[in-house]
> 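Mind looking over this structure? Questions follow.
Chain identifiers are assigned alphabetically (A, B, ...) following the order of the sequence lines, protein sequences preceding nucleic acid strands; residue numbering begins at 1 within each chain.
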Amino acid sequence: MASKGALCGCIPSQKCANKKPRKLLAHRVVSKMALASVLNQNCAAFSFGSRQTTAFDCGPGLSGVGLESTSGDNFRFAIRNPMRPVVEDGDVESKIQFLHGTTTLAFKFQHGVIVAVDSRATAGSYICSQTVKKVIEINPFLLGTMAGGAADCGFWERMLARQCRVYELRNKERISVAAASKLLANMVYQYKGMGLSMGTMVCGWDKRGPGLYYVDSDGSRVCGDLFSLGSGSVYAYGVMDSGFRQDLTVEEACDLGRRAIYQATYRDAYSGGQVNLYHVHSEGWTRVSQDDVLELHQRYKDQA
Amino acid sequence: MALEDVCKSRSRAKPASLLDFDVPVAECLQENPPRSGTPQNPLPFEMSHGTTTLAFTFQGGVLAAGDTRSSCSGRVSCPDAEKVKPIHSHLVATSSGTSADCTLWKRILARELRLYQLRHGRRVSTGGAAKLLWHMLLPFKGTKLCVATTLCGWDESGPAIFYVHSDGRRLRGTLFSVGSGSPYAYAVLDQAVESGMTAEEATRVAREAVYRATHRDAYSGNCVDIYLVTSTGWTRREREDLKEEYYRERKNRQGGTV
């Protein structure tokens, strides 16, 4: 059985082309084997990313959204198998410290969902990058934000994109935001306690209108109107709460999101770079703007 | 007791100098000064700066504001505490940290400033008061004493705000917010505070900042106190219960669940 492809415990019946599509049973059997194959290894199969670098590589731009870089800069996302005893050369898990140094926010309003993120990546007190993409485009109607470990977020949201596409092909209609977020939550729940670090907001537009869910690697999945994640989230909440109304226009909502991220980057050392702003509406998502925070600082100062 | 202390100090031989302040230090600390590291007696529960206080200058004075919730191991021990208290006619202090420590040290500071004023016929400047408080807290550095206060006052050089912390920090600035709710307040204040604000605008902004912080922070809440210090002294705005504001805003939000 193709254990590599079945990591997430989903239905890869297309991998077994010569078998009859006994979907549900195959799902259970395959998912058990996926988990079993994970548990039998010392390192979870994430490390196969180093062999297949093109498929699941994060790339230089995403090298560390808040990851503590070990010496030699070798990002081994290996997770200690809880079944096996601790290796003497040091617990792999303890070397990785996810700092969640970021600010991401999303809120629903009458014209859809606004998603705004910063773009700074830090490793300890070193700023690795000011141009990180923290919004992942799952499909033309769904967006996912990243907070926590870059590899975890990137990988799992790509798996989610794959599952959403499979759903679309099977059911001849787009997946709802609730279902997509549930898929993601169930996928990561299997690895609960094994050291995944992912805090994401799944944002989209479906039959029921705008949808916004918070999903994290502890297994939480919460529906809401307004979320902010990361070390700068406390600052963003203050701005968003003051300015938020259900009847905002698109322009006002974009300004609010931009202002909230800017205020967070002003006070939080681990957030900065640019503000990337997306708007999800009935026709899908559009990338509204990308503004450097220093330019925003000048603009707001001139406006005042 | 204040009079007793005054009389005791008068019985000393040397005349009262400008720097004749009575700095109380606990006896146990003089015998065993704290070394850096963990104290010998661990506290039964973790203290946290559960509060939101803020202070900033505007045109014509200084504004100090704070919430009124006093919490203790996850419970609200007092819903109408006074976190912003006047020290003398032209000085107001906010408190954050352990409320017992803050109350005691504010009273000691008030006593010393009053004695100075009686002896020398003039008030201590805001910076001087901050330095005095810092000096009095210095022997307790390294202990679990926790006082984080902003002294907001009007002296001969105009308005001034000093932030004094029991770990030894003493900072001057034009905008401070202290406590667990401070990030939420900072976000609102950074947008709106300018040096040329009027008293009404400043009050509005301060109220909004405290309201947002109380909305998001569990350890801040209940009511908001606002004091304004100008050249003629301090004035106090009536304490306002923020619960009404919360319900009013919820009604205006037209069904949005924030």
Side-chain angles (χ1 to χ4, degrees), chain A residues 103 105-114 116 209-210 212 214 222-248 253 255-271 293 296-297 299-304, chain B residues 48-52 54 56 58-59 65 67 173-197 201-202 204-221 242 245-246 248-258:
Chain A
T103 313
L105 67 89
F107 61 90
K108 276 199 273 200
F109 69 119
Q110 62 172 344
H111 296 300
V113 187
I114 294 286
L212 176 57
Y214 163 69
V222 180
C223 177
D225 277 353
L226 188 152
F227 289 110
S228 179
L229 267 59
S231 55
S233 64
V234 282
Y235 304 102
Y237 270 125
V239 175
M240 277 205 291
D241 285 339
S242 317
F244 177 76
R245 289 185 327 268
Q246 272 292 349
D247 60 350
L248 289 167
D255 281 338
L256 181 64
R258 209 176 286 125
R259 189 82 200 232
I261 297 284
Y262 161 72
Q263 290 294 350
T265 61
Y266 183 72
R267 285 284 173 185
D268 179 34
Y270 295 107
S271 306
V293 295
L296 285 178
H297 179 75
R299 203 189 306 170
Y300 291 134
K301 208 161 66 120
D302 295 335
Q303 266 172 16
Chain B
S48 58
H49 301 44
T51 190
T52 308
L54 57 94
F56 59 90
F58 62 95
Q59 186 165 61
D67 72 310
T174 51
L175 170 73
F176 284 106
S177 179
V178 187
S180 55
S182 66
Y184 307 102
Y186 267 128
V188 175
L189 292 172
D190 284 339
Q191 290 192 92
V193 168
E194 292 139 32
S195 52
M197 292 174 86
E201 282 169 5
R204 199 171 34 85
V205 170
R207 185 182 161 278
E208 176 77 9
V210 175
Y211 171 63
R212 292 296 158 204
T214 59
H215 180 46
R216 285 283 172 188
D217 179 36
Y219 297 105
S220 309
L242 290 171
E245 177 66 31
Y246 174 72
R248 212 179 312 142
E249 197 185 34
R250 215 166 75 152
K251 213 159 52 146
N252 293 341
R253 285 264 167 99
Q254 298 161 9
T257 49
V258 179

> Who in residues 179-187 of chain B is close to chain A, using a strict under-4.5 Å heavy-atom cut-off?
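Listed by number, the contacting residues are B/Pro183, B/Tyr184, B/Tyr186, B/Ala187.
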
> Highest number of heavy-atom pairs under 4.5 Å with chain B: which of A/Ser242, A/Gly243, A/Ala236, A/Ser233?
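Counting heavy-atom pairs under 4.5 Å, the top option is A/Ser242.
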
> Looking at CD of B/Gln191 and OH of A/Tyr300, how far apart are the two atoms once the value is rounded to the nearest 0.5 Å?
8.5 Å

> Closest heavy-atom contact between B/Val188 and A/Gly238?
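Residues B/Val188 and A/Gly238, closest heavy atoms: CG2-O, 3.7 Å.
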
> Check whether A/Tyr266 gets within reach of chain B through its side chain, its backbone, both or neither, counting any heavy atom under 4.5 Å.
side chain

> If you count heavy-atom pairs under 4.5 Å with chain B, which of A/Met240, A/Gln110, A/Arg267, A/Arg259 comes out on top?
A/Arg267

> How many angstroms lie between atom OH of A/Tyr262 and atom CG of B/Asp190, to the nearest 0.5 angstrom?
7.5 Å

> Could you report the tightest heavy-atom contact between A/Asp241 and B/Glu249, atom names first, then the distance?
O-OE2, 4.2 Å

